[in-house]
Structures are given as C-alpha cells and as structure tokens.
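All values derive from a computational prediction rather than experimental measurement.
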Amino acid sequence: MVAVDRWTGAHAQALRFALRMSVRAYAAYLGVAVRTVSKWERFGASTHPRGVSQEVLDVALARCDDDTRARFAVAVAARTGAPLIPVPSGDLDHEDWVDDIERAATALGGQNFAFAAALLQRWTAGPDPHHLDERGLYLYARSTTLLGDLRRDQGLVSGPLSAAHTYTIARSVYAQLGLARRVAQLDLALTVTTEMSGLLDTAARRYEHLSGDERLTNRDRARALLWVGTSLSKNGDHANAMQIMGAAAREFDRLGEADDWSVTQQKLALAARGAGDLTAALRHLSIARDTANLAAPLQRVRLDTAHSHILLTDPATADEGHRLLARAEKVAAAYGMSHQLRSIARLQQATDPGDPQ
C-alpha cells in the first residue's frame with residue numbers, strides 16, 4: 001500500500017497524473033477549487049494543502065486501484081526524489097506479486113521503464129531471498145529476470161546495476177530451485193549482454209552451444225541460432241550469417257513465432273546490406289516492417305535504424321536515411337534506450353560527410 005505522511009503540492013500533482021485527469025476534472029473529483037489545484041502545482045513541494053485537503057487527498061488515494069497506486073509511486077519518485085517503499089518480507093502476498101510481475105512485463109513491452117522498474121523493485125528491494133519459501137523464491141527470480149530485461153533494453157550491460165549482474169542473481173536462484181530450463185534461459189540472456197558488450201567471438205561460441213542445448217525450448221534454441229548469425233554479421237562474416245539466420249527464420253516459421261520471424265527479417269536485411277546486396281536488404285526490411293509489432297517503441301527504433309543503415313549506403317537515398325536516423329534517435333532518447341543511442345551515434349559518425357573516413 002502506498003501512503004503519504006504529509007501531502008505537498010508535488011504529491012497532489014503526482015496523484016493527478018496517476019489518475020490521468022485534467023486540472024479541472026481533478027478539482028471536481030476532489031471537490032476543491034480549480035485555483036487550489038493550480039496553486040498546489042505551481043508551488044510543488046514547497047506548499048502543503050490544508051488539513052481538510054490532506055484528508056480529501058488521503059481518501060482519493062485510498063480509492064485508487066493497484067495500477068493507479070503504482071503510477072502514483074513512480075510520479076512521486078520523479079517529482080520529489082523519494083525512494084519507492086519496498087514490500088516488507090512479512091507483508092508478502094504472492095497473488096499481488098504475480099499481478100505486479102504481469103503488469104511489469106506489459107509495461108516493459110511498451111518501454112515504460114519507470115513504471116516497470118517501480119513495480120519490480122517493490123518486490124526485489126524488500127524481501128530477503130534467504131527467508132523466502134519456494135514460491136517466493138520463484139517469484140523473486142522472475143522479478144529479477146524482468147529487471148535484467150529492463151536494464152538490457154536500456155543498454156545497461158555491465159557494472160553492479162547492469163543486466164548482466166541482475167541476470168546472474170536470477171540464475172543463481174533458479175539453480176537453487178533446480179529449474180534447469182530457467183537456468184539455460186538465463187545463460188542465453190547473459191550471452192546477449194556479452195554480445196552487447198562487443199565480445200562477438202565469445203558470444204557466437206556461446207550461442208552456438210546453446211542452439212543445441214536440450215534444456216531450452218525449440219523457440220529459445222532458434223533464438224540462439226539467430227544470434228549466432230547476428231554475431232557473425234557484426235563481425236563481417238555476412239554470407240555465413242545469412243545462411244544461419246535463414247535456418248532460424250525457417251524454424252520460427254515452423255513454430256508459428258511471428259514476432260521472432262519478423263525480427264529475423266530485420267537482421268537478414270542488415271546482413272544482406274553488409275554483403276552488398278541492397279536489393280535483398282530492402283526486401284527483407286520491407287517484410288520486417290510489414291510484420292513487426294510497431295506499437296513497441298524499441299522495435300520502431302530498431303527498424304528505423306536498420307532502414308537508415310541501408311539507405312545511407314547509397315548517396316541517392318542518404319537524405320532519407322538521415323531523416324529516419326534522426327527519428328530513431330528522438331524516440332530512443334525519449335525512452336532512455338542508451339544502447340540504441342550508442343548504435344545510432346556510431347552510424348551517424350560513420351556516415352558524417354565531414355568524417356575523414
């Protein structure tokens with residue numbers, strides 16, 4: 001339960017944003033004057049609503065559902081710098097925990113990193129894993145894995161707050177529980193962070209091993225195969241990369257994994273571009289764009305970056321390539337995708353007309 005000891009204007013504004021109301025609608029909902037709400041928001045943390053208004057705000061917060069409370073916690077942290085209150089070990093409710101995991105996964109799919117982090121850190125920052133029962137340990141590992149996914153999508157791949165560190169914690173818990181398939185999935189996730197760190201040969205070897213690992217599902221083995229090709233393509237071996245990616249695409253088609261198949265088309269486009277076949281590159285890219293989940297900002301950034309990479313190869317289409325790259329950069333910056341921003345910056349530098357190379 002989220003609680004406020006003493007409301008400030010900043011807290012009141014955070015509640016309005018969590019409720020997704022205009023100033024006028026919020027004032028009517030609370031039963032106060034519009035000018036009162038405007039004053040709270042103008043003075044922020046330096047003003048405190050009067051006693052009756054404190055009680056009105058308490059009641060309004062108490063009426064909120066769990067999603068609204070989670071949004072409120074994120075908004076308060078953003079406006080006041082106050083840390084989110086973790087769930088104490090003694091107050092654990094497994095069903096609430098499962099609900100928050102599902103909400104966090106949905107938020108992560110839309111790159112709503114702040115909301116997802118707030119939900120996950122409520123559960124990972126509070127309980128001591130040494131004092132959890134088996135069910136609690138499993139949920140702790142799931143939460144930690146999602147937190148690793150979040151940090152990977154943000155481009156945090158090394159250091160104590162990185163995806164690699166977080167994945168390692170989750171892997172150790174799954175190993176303690178004897179869940180071999182989950183351990184193998186974390187091995188795959190850790191290899192992704194190895195690739196993102198630039199250790200392409202090491203990543204390719206690990207992917208190749210995992211592509212035949214019987215602990216993994218067919219889908220995860222196909223993903224490992226795709227990433228073998230990705231690593232080879234990044235290392236300049238485009239011909240072999242395309243063969244391996246083609247095999248992964250056929251497996252995704254057989255399994256009916258449409259999203260993975262679409263991602264493979266995008267990666268095939270970049271490999272074809274590296275091999276100098278721009279016609280094939282644009283064909284694969286068109287297929288990827290037609291079949292991708294464009295509701296996800298990360299996927300839009302990846303597609304625009306890949307497309308611009310192809311267009312920038314030809315001086316006749318370079319202007320369009322720079323336009324798409326600028327659009328990708330704007331979205332990546334808005335969602336805090338640091339890994340994508342680094343990739344875009346490298347591409348901009350490599351294609352800058354003033355670059356001596």
Side-chain angles (χ1 to χ4, degrees), residues 191-192 194-208 211 222-253 258-292 294 298-329 331-332 337 339-357:
T191 305
V192 173
T194 299
E195 179 193 332
M196 291 174 69
S197 298
L199 302 175
L200 301 179
D201 290 334
T202 301
R205 288 194 298 272
R206 291 179 184 172
Y207 284 140
E208 187 172 7
S211 68
R223 283 177 164 178
L225 191 63
L226 170 61
W227 288 330
V228 170
T230 302
S231 296
L232 289 174
S233 182
K234 288 181 178 180
N235 240 355
D237 190 355
H238 304 296
N240 282 331
M242 291 179 71
Q243 287 186 348
I244 292 170
M245 289 179 186
R250 290 190 291 275
E251 181 65 3
F252 288 135
D253 189 21
D259 288 344
D260 289 316
W261 184 84
S262 178
V263 169
T264 304
Q265 298 303 314
Q266 174 192 318
K267 293 182 179 295
L268 275 165
L270 289 174
R273 179 261 176 200
D277 190 344
L278 297 186
T279 300
L282 288 170
R283 183 179 69 251
H284 285 298
L285 199 284
S286 178
I287 294 171
R289 196 175 287 281
D290 288 344
T291 58
L294 296 179
L298 180 58
Q299 186 61 0
R300 296 201 303 272
V301 169
R302 286 171 172 167
L303 282 167
D304 279 350
T305 304
H307 197 180
S308 64
H309 205 161
I310 297 166
L311 294 174
L312 289 167
T313 305
D314 185 346
T317 57
D319 287 345
E320 176 66 8
H322 283 296
R323 186 186 70 79
L324 282 178
L325 200 58
R327 184 170 76 179
E329 182 181 30
V331 176
M337 304 174 195
H339 181 70
Q340 303 300 321
L341 286 170
R342 288 193 293 270
S343 297
I344 290 168
R346 285 194 296 269
L347 184 53
Q348 287 172 329
Q349 184 177 13
T351 57
D352 186 345
D355 191 340
Q357 296 184 9

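- Note that CG of Asn235 is 5.0 Å distant from CG of Leu200, once rounded to the nearest 0.5 Å.
- One distance of note links CG of Leu324 with CZ of Arg300; it measures 13.0 Å at 0.5 Å rounding.
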Evaluate Leu278 against Thr313 for side chain to side chain contact (heavy atoms under 4.5 Å, CB included), listing each step before the verdict. CA-CA 8 Å; Leu278 297 186; Thr313 305; 4.0 Å; yes
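- Between Val263 and Phe252, every side-chain heavy-atom pair lies at or beyond the 4.5 Å cut-off.
- Scanning all heavy atoms of the two residues, the minimum distance from Met245 to Thr264 falls at O-CG2, 3.5 Å.
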Please tabulate, one pair per line, all N/O donor-acceptor pairs under 3.5 Å involving side-chain atoms of residues 314-321, not counting sequence neighbours.
| from | atom 1 | to | atom 2 | distance (Å) |
| --- | --- | --- | --- | --- |
| Asp314 | OD1 | Ala316 | N | 2.9 |
| Thr317 | OG1 | Leu311 | O | 2.6 |
| Thr317 | OG1 | Asp314 | O | 3.2 |
| Glu320 | OE1 | Arg323 | NE | 3.1 |
| Glu320 | OE2 | Arg323 | NH2 | 2.7 |

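- In plain terms, the two heavy atoms of Leu268 and Met242 that are nearest each other are CD2-O, 3.8 Å.
- Tyr207 pairs in a side chain to side chain contact (heavy atoms under 4.5 Å, CB included) with only one of the listed residues (Ile244, Val192, Leu225), which is Val192.
- Between Ala328 and Val301, the closest heavy-atom pair is O-CG2, 3.8 Å.
- A donor-acceptor pair under 3.5 Å is absent between the side-chain atoms of Ser262 and the main chain of Asp259, judged by distance alone.
- Among residues at least two apart or in separate chains, side-chain hydrogen bond (donor to acceptor under 3.5 Å, both in side chains) pairs with a member in residues 275-286 are Gln265-His284.
- Rounded to the nearest 0.5 angstrom, Leu270 CG and His309 NE2 are separated by 7.0 Å.
- Rounding to the nearest 0.5 Å gives a distance of 11.5 Å between CG of Asp201 and CD of Glu195.
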Evaluate side chain to side chain contact (heavy atoms under 4.5 Å, CB included) for Leu312 paired with Leu325, printing each intermediate quantity in order. CA-CA 10 Å; Leu312 289 167; Leu325 200 58; 4.3 Å; yes
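- Under the 4.0 Å criterion applied to side-chain N and carboxylate O atoms, Asp304 and Arg289 are assigned as salt-bridge partners.
- The distance from atom OG1 of Thr305 to atom CZ of Arg346, rounded to the nearest 0.5 Å, is 11.0 Å.
- Contact detail for Ala203 and Thr191: the closest heavy-atom pair is O-CG2, 3.6 Å.
- Here the straight-line distance linking atom NE2 of His322 with atom CD of Glu329 works out to 12.0 Å at 0.5 Å rounding.
- No donor-acceptor pair closer than 3.5 Å links the side chain of Ser233 to the backbone N or O of Thr230.
- Counting heavy atoms from C-beta on, the side chains of Thr291 and Trp261 come closer than 4.5 Å.
- For the pair Leu303 and Gln299, the minimum side-chain heavy-atom distance is below 4.5 Å.
- Scanning both residues, Ala204 and Val228, for their nearest heavy atoms gives O-CG2, 4.0 Å.
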